[in-house]
Amino acid sequence: MGILSGIRVLDCSIAMAGPFAAQRLGDLGADVVKVEPVTGEWQRHVSAGGARGNKVNVSFLSLNRNKRSLAVDLKAEQGKKVLLDLVKTADVFLQNYRPGVAKRLGVDYETLSKINPRLVYVSMSGYGETGPYVNRPGQDLLLQAMSGAMLSAGRAGEAPNAAGQYLVDAITAYTAFEGALAALFHRERTGEGQLVEVNMLDAIATIQMQELSVFTVGGKEQKRSDEPHAHVFIRAPYGAFATSDGYIVVAFPPLKKLGEVIGEPSFAAMDDEVDSWARRDEIFAKTRDRLKGKTSAEWLTLFAEADLWAGPVYGYKELVDDLQVKHNGTFVEYDHPTEGRVKTPGFPIRFSKTPSKVARGAPLAGEHTREVLAEAGYDDAAIDRLEQVGAISTGRH
């Protein structure tokens, strides 16, 4: 029994941000019903990284554990009625349709709140529900570029680099997850549901609280260096450096002590709070040249002994095999009926009395349609009739 046991979520989202937010609610014990078309959600048919599965591709598998699948045609009147019946006993409704689509389908907040005033309705969008960019595509890379974040690192004059993750999708997912929890808490106090709106643009801007405040309040220009410094608002040296056998990262050490460790005498006379900014490229270049002389392990040992901040640069293989990651139980493993043994990242929040668990893997399309509708009062004959007219799918195909 998870901490959200007894909470029912209708997940009408697609792609990454919405399904990831709903999965987090499922990991905490909520009963998440994934409402998808009779042919299955879009993500079932598009593989991330080219990784496909037996019946469930890896992308869908990673974002839809701890859910049941209800396959229903919301464009059909009978199918829409099925969803509206489920809304009566739902706690959270989550969607990331393009702005205006929910209203056209008749599943907007105004409509559903009349059916269930206690409903927490989470609406996710790329740029907001209204405004000049309302019809722009809310895609991760486009939002990374627009957010300003890509120009806080790297070399001046060179093309900026994107994050190595679907960063905006993930941040938006956690923002929606946070909003759903807060609204549920409000409902516990007052008995009233409400509309919760989250958009990708605001989410990625808000996590840059410190950087943007340095610009807006402190008046500091966002100016990249000639060397590939890792952040425009942190003093040198700060970034990734090649060693004789790989890479390490170094984070703004005191210059005098750094010079002693790496054998760079010019650092001894430098002032951390003055030269680390004014001579940023020089410091970066000299650090880079010195670090080429030893292995990553040798440098990390020397830095640790001197109490300087440095660390390894991992790939996924090293991350999965790391001793602390294993100790933490960062990854979970479970058996999936069609995909076999699955190993994926687990649960970032730990509860002493209500621990998260994988109760079920990602469902097949419509796998739980019959089960969910039976709970809503539909008998077998009614479910069979709905399937015969194509309003739902029970996954038997």
Side-chain angles (χ1 to χ4, degrees), residues 1-46 48 53-72 74 82-83 86-87 89-97 107 119-122 124 169-170 172-174 176-177 180-181 184 332-339 342-349 354-376 392-395:
M1 300 292 286
I3 201 166
L4 292 182
S5 179
I7 297 295
R8 171 167 289 183
V9 179
L10 298 182
D11 174 18
C12 291
S13 65
I14 66 169
M16 177 178 169
F20 196 13
Q23 178 172 281
R24 283 293 177 228
L25 294 168
D27 288 348
L28 269 61
D31 174 21
V32 179
V33 176
K34 184 170 185 65
V35 181
E36 53 184 324
V38 294
T39 55
E41 192 232 304
W42 169 81
Q43 193 83 328
R44 289 186 182 275
H45 310 294
V46 180
N54 298 319
K55 289 189 176 182
V56 182
N57 74 39
V58 174
S59 181
F60 186 91
L61 187 78
S62 68
L63 298 168
N64 290 281
R65 70 183 177 213
N66 287 332
K67 300 181 185 180
R68 298 190 289 170
S69 171
L70 168 69
V72 59
L74 296 184
V82 166
L83 181 61
L86 295 175
V87 167
T89 59
D91 299 288
V92 177
F93 185 95
L94 188 150
Q95 57 89 353
N96 62 352
Y97 300 126
V107 295
L119 186 68
V120 170
Y121 187 108
V122 181
M124 304 171 67
D169 283 332
T172 306
Y174 272 88
F177 171 61
L181 293 180
L184 285 171
V332 296
E333 295 187 55
Y334 60 91
D335 293 315
H336 189 279
T338 64
E339 307 311 305
V342 172
K343 182 175 184 176
T344 64
F347 316 109
I349 303 174
T354 53
S356 300
K357 66 178 181 179
V358 179
R360 52 169 60 92
L364 302 178
E367 180 180 350
H368 305 97
T369 298
R370 185 172 294 274
E371 177 182 303
V372 171
L373 293 189
E375 293 171 359
I392 63 170
S393 170
T394 62

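We count residues from 1, following the sequence as given.
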Exercise for review: Assess whether side-chain contact (heavy atoms from CB on, under 4.5 Å) is satisfied between Thr344 and Arg65, documenting all intermediate values.
Suggested key: CA-CA 10 Å; Thr344 64; Arg65 70 183 177 213; 3.3 Å; yes
Spacing of [X] atom [atom1] and [Y] atom [atom2] [to the nearest 0.5 Å]:
{"X": "Arg370", "Y": "Ile392", "atom1": "CZ", "atom2": "CD1", "value": "7.0 Å"}
{"X": "Glu36", "Y": "Ser393", "atom1": "CD", "atom2": "OG", "value": "9.0 Å"}
{"X": "Leu364", "Y": "Thr394", "atom1": "CG", "atom2": "OG1", "value": "11.5 Å"}
{"X": "Leu86", "Y": "Thr89", "atom1": "CG", "atom2": "OG1", "value": "6.5 Å"}
{"X": "Lys34", "Y": "Leu94", "atom1": "NZ", "atom2": "CG", "value": "9.5 Å"}
{"X": "Leu181", "Y": "Leu4", "atom1": "CG", "atom2": "CG", "value": "6.0 Å"}

Point to revise | Val72 and Thr369: CA distance, side-chain angles, deciding distance, side-chain contact (heavy atoms from CB on, under 4.5 Å) verdict | key: CA-CA 8 Å; Val72 59; Thr369 298; over 6 Å; no
Could you report the tightest heavy-atom contact between [X] and [Y], atom names first, then the distance?
{"X": "Phe93", "Y": "Gln95", "answer": "CE2-CG, 3.8 Å"}
{"X": "Pro19", "Y": "Glu41", "answer": "CG-OE1, 4.3 Å"}
{"X": "Arg44", "Y": "Ser69", "answer": "NH2-OG, 4.1 Å"}
{"X": "Glu339", "Y": "Asn54", "answer": "OE1-N, 2.6 Å"}
{"X": "Pro363", "Y": "Phe60", "answer": "O-CE2, 3.6 Å"}
{"X": "Val32", "Y": "Ala22", "answer": "CG2-O, 3.6 Å"}

Practice item. Would you check if Leu63 and Met16 make a side-chain contact, meaning some heavy-atom pair closer than 4.5 Å? Key: yes
Exercise for review: For a side-chain hydrogen bond (donor to acceptor under 3.5 Å, both in side chains) with Arg68, tell me which candidate from Glu375, Glu367, His368 qualifies.
Suggested key: Glu375
Between [X] (side chain) and [Y] (backbone), is there a donor-acceptor pair under 3.5 Å?
{"X": "Asn66", "Y": "Gln23", "result": "no"}
{"X": "Asn96", "Y": "Met124", "result": "no"}
{"X": "Asp27", "Y": "Ser356", "result": "no"}

Practice item. Anything under 30° is parallel, anything over 60° is perpendicular, the rest tilted; go ahead and classify Tyr174 against Phe20. Key: perpendicular
Revision key, fill the gap. Checking Val92, Val122, Val120 against Val9 for side chain to side chain contact (heavy atoms under 4.5 Å, CB included), the one that qualifies is Val92
